[in-house]
Amino acid sequence: SVTITPQVGGQIVSEPYREGQEVRKGQLLVQINPAPYQAALDQALAKQAQDQATLQGATNDLARYAALIQQNYTSRQKYDDQVALVAADKAQIIADRAAVEAAKVNVAFTRITAPIDGRLGLTLINAGNVVTSGASASPIVTIMQIHPITVVSALPQQDLSRVIDAMRAGKLSALAYDGSSHRLLSRGTLLTINNQVDAATGTFQLKSVFPNRR
């Protein structure tokens, strides 16, 4: 089960899915208005280009100062100041790149896609509403993986050593029956057993996986 929550805030402009629909991993579920985040990205790119031009100019000046200082036409202090200025401009470019990448991430987060294959539940927030991100973010919809499905069951603790020995010998089958314990519903495989025994019930848990296809 995966609960879909927004990682950026904004107005939901579309939800191209139907409640109860089966979706594939990567399928678009929610589109949050990307306009403010695209504007922030454009601004970050513009500042990076501006600072890149500033760095280029400072680097050219440094090359001229390096030539002049060899001929004693400028002071060492002026040259050292220019070296420091170029270093500061380079650091600014690194910061600009980080800002651009952060802005790109925010733009990408406006497209919420399915992280797994599964079936959607009921929509909790409809298109047109404004959502927020962070700890206070409200869930939009839930996806349940149903193909395959895992089942947790329990056995008495006295059966633990038998199950461990059988697992060491090879894969174990798991059989799922209906409530009457007469009709076989599905055949699966035992994945693992829990690493502790429940002292209150005297049982241990096992997890099995079933294809769960009709």
Side-chain angles (χ1 to χ4, degrees), residues 1-34 37 104-157 159-160 163-164 166-167 170-214:
S1 173
V2 177
T3 300
I4 303 300
T5 54
Q7 292 179 278
V8 293
Q11 184 182 43
I12 298 177
V13 294
S14 68
E15 291 176 326
Y17 65 84
R18 300 184 311 276
E19 293 175 322
Q21 173 186 350
E22 287 198 27
V23 295
R24 305 290 294 177
K25 181 179 180 181
Q27 183 174 336
L28 179 65
L29 300 179
V30 178
Q31 177 66 66
I32 296 172
N33 183 10
Y37 299 103
K104 286 180 178 179
V105 168
N106 286 335
V107 170
F109 280 161
T110 63
R111 287 176 50 88
I112 302 178
T113 58
I116 60 171
D117 296 344
R119 178 173 292 165
L120 295 170
L122 299 180
T123 299
L124 304 175
I125 301 179
N126 294 310
N129 285 288
V130 175
V131 294
T132 58
S133 60
S136 61
S138 298
I140 298 174
V141 70
T142 299
I143 304 177
M144 294 290 294
Q145 178 179 295
I146 56 176
H147 310 302
I149 192 170
T150 56
V151 176
V152 176
S153 54
L155 285 176
Q157 61 182 358
D159 292 331
L160 179 59
V163 174
I164 291 176
M167 287 186 68
K171 287 186 178 181
L172 292 183
S173 296
L175 307 180
Y177 287 87
D178 64 4
S180 68
S181 298
H182 295 305
R183 186 167 67 92
L184 180 65
L185 300 177
S186 182
R187 293 178 180 271
T189 304
L190 179 63
L191 289 179
T192 186
I193 60 176
N194 201 357
N195 60 358
Q196 59 184 351
V197 173
D198 188 331
T201 62
T203 61
F204 66 97
Q205 291 184 321
L206 310 91
K207 179 178 283 189
S208 306
V209 61
F210 295 86
N212 197 37
R213 292 192 179 276
R214 293 288 185 179

Exercise for the section: Under the side-chain contact (heavy atoms from CB on, under 4.5 Å) rule, what do Ile12 and Ile125 come out as? Steps first, then yes or no, please. Expected result: CA-CA 9 Å; Ile12 298 177; Ile125 301 179; 3.9 Å; yes
Student check: side-chain heavy atoms of [X] and [Y] closer than 4.5 Å:
X	Y	result
Thr113	Leu29	no
Pro115	Ile4	yes
Gln21	Gln27	yes
Tyr177	Leu185	no
Thr142	Leu120	no
Tyr17	Leu28	no
Val131	Pro6	yes
Thr123	Glu15	yes

[X] side chain vs [Y] backbone, donor-acceptor pair below 3.5 Å:
X	Y	answer
Asn212	Ile146	yes
Gln157	Leu160	no
Asp117	Lys25	yes
Glu22	Gly118	no

Exercise for the section: Kindly give the heavy-atom pair with the smallest separation between Leu124 and Pro139, and that separation in Å. Expected result: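 Closest pair (atom of Leu124, atom of Pro139, distance): CB-O, 3.5 Å.
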Handout entry: Thr110 versus Gln31, closest heavy-atom pair with distance
Key =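 Nearest pair, atom of Thr110 first, then Gln31: O-NE2, 3.2 Å.
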Handout entry: Reported CG-to-OG distance for the pair Leu175 and Ser181, which is rounded to 0.5 angstrom
Key =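 Answer for the CG-OG pair, Leu175 versus Ser181, is 11.5 Å.
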Handout entry: Spacing of CG belonging to Asn129 relative to OG belonging to Ser138, to within rounding of 0.5 Å
Key =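 Output value for this atom pair is 10.0 Å.
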Exercise for the section: Evaluate the criterion side-chain contact (heavy atoms from CB on, under 4.5 Å) for residue pair Ile32 and Val8; output intermediate values, then yes/no. Expected result: CA-CA 8 Å; Ile32 296 172; Val8 293; 4.3 Å; yes
Handout entry: Listed partners of Arg111 passing side-chain hydrogen bond (donor to acceptor under 3.5 Å, both in side chains), at least two apart
Key =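 Arg111 satisfies side-chain hydrogen bond (donor to acceptor under 3.5 Å, both in side chains) with no other residue.
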What side-chain donor-acceptor pairs closer than 3.5 Å can you find for residues 186-200, not counting sequence neighbours?
unit_1	atom_1	unit_2	atom_2	d
Asp198	OD1	Ala200	N	2.9
Asp198	OD1	Thr201	N	3.4

Practice task
Any chance you could lay out the side-chain contact (heavy atoms from CB on, under 4.5 Å) test for Ile143 and Val23, step after step, and finish with the verdict?
Solution key: CA-CA 9 Å; Ile143 304 177; Val23 295; 4.3 Å; yes
